[in-house]
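This report concerns only the one structure given below.
Bear in mind the structure is a predicted one, so any value in this text is a computation, not a measurement. Both counts, for ligands and for their atoms, begin at 1 and track the order of listing.
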Amino acid sequence: MIEEVSNYLNQVRHDFSKAKLDEENVDENPIEQYAKWFEEAVGAQVLDPKAIVISTVSADGQPHSRVVYNRGLKPTGMVFYTNYHSNKGRELEGNQHISILSYWPELERQIRMEGKVEQLPAEESDAYFASRPRESQIGAWASNQSEELTNREVLEEKVKSFTAKFEGQDVPRPLHWGGYLFVPHRVEFWQGRPSRLHDRIVYEKQTDETWTKKRLSP
Ligand SMILES: Cc1cc2nc3c(=O)[nH]c(=O)nc-3n(C[C@H](O)[C@H](O)[C@H](O)COP(=O)(O)O)c2cc1C
């Protein structure tokens, strides 16, 4: 099986031809540009454009990547929510530098971002938590994210127990669950082009308000 898949992998080819990217047609601000591409991704029915890969680095220098959901844009960056005690939460305590990746194959587009995270103010996490479905709220209490579970029943029992505990009342936000604001200082937009001659435009932050942009070789 491995050999067949490997044969397939080194033979299959895909040429990119859907669009192009010009320095003149991109926004001066990469968050605005991201918002523009995001709208186009929704319009093109990209399966799950809010899914982003975030990569954190642990104290031993090992990078760790996983998907989370982009839950908001601000003029300075992007918001996601998680368990502050999870592996990623602990890694972010020690090292706030992360990278974020989006790949939207339906549009032949990749977006790479590098920057730093800060925890959102508690009131913002409270407001978002309160908007989540009750089952997800209970789940945030029941799951010690990233910790070993003896079996699934243990998790399901915890869900039952927190469901009973909070019956008849609003589920409060666990203090170990909340948001991060990711503030990028470098953002690259990649548009696939024929013959691997792709367009790459990278933004670098100069001040809080200003960015420079340049084209990179594919
Ligand atoms: C489509 C998708 C969306 C996800 N969204 C989130 C999310 O918003 N927050 C989160 O903590 N984990 C999310 N996860 C789960 C993470 O990928 C990961 O399994 C979890 O956060 C534990 O990661 P860690 O052990 O490195 O901390 C999502 C996974 C997928 C596949």
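- Among His64, Lys88, His85, the residue whose heavy atom lies nearest to atom 22 (C) of ligand 1 is Lys88.
- Each of the atoms 10 (C), 11 (O) of ligand 1 lies under 4.0 Å from some heavy atom of Thr82.
- Residue Gln145 approaches ligand 1 through these ligand atoms, each under 4.0 Å from one of its heavy atoms: 10 (C), 11 (O), 12 (N), 20 (C), 21 (O), 22 (C).
- Checked options Gln191, Lys20, Arg215; the residue passing with Asp199 is Arg215 (criterion: side chain to side chain donor-acceptor pair (under 3.5 Å)).
- Ring orientation note: the planes of Phe166 and Phe162 are close to parallel, at an angle under 30° on the 30°/60° scale.
- Looking from atom 25 (O) of ligand 1 to the surrounding protein, the closest heavy atom is Ser146 OG, 2.6 Å.
- Using a 4.0 Å cutoff on heavy atoms, Tyr81 counts as a contact of ligand 1.
- In this pair, Trp141 and His176 present their aromatic rings perpendicular. The plane angle is above 60°, beyond the 30 to 60° band.
- Under the 4.0 angstrom criterion, atom 27 (O) of ligand 1 counts as having a protein heavy-atom contact.
- Taking each of Val67, Leu92, Val68 in turn, the one with a heavy atom nearest to atom 15 (C) of ligand 1 proves to be Val67.
- Considering OH of Tyr203 and NZ of Lys214, their distance stands at 13.5 Å, rounded to 0.5 Å.
- Closest to atom 1 (C) of ligand 1 by heavy atom, among Trp177, Tyr69, Tyr84, is Tyr69.
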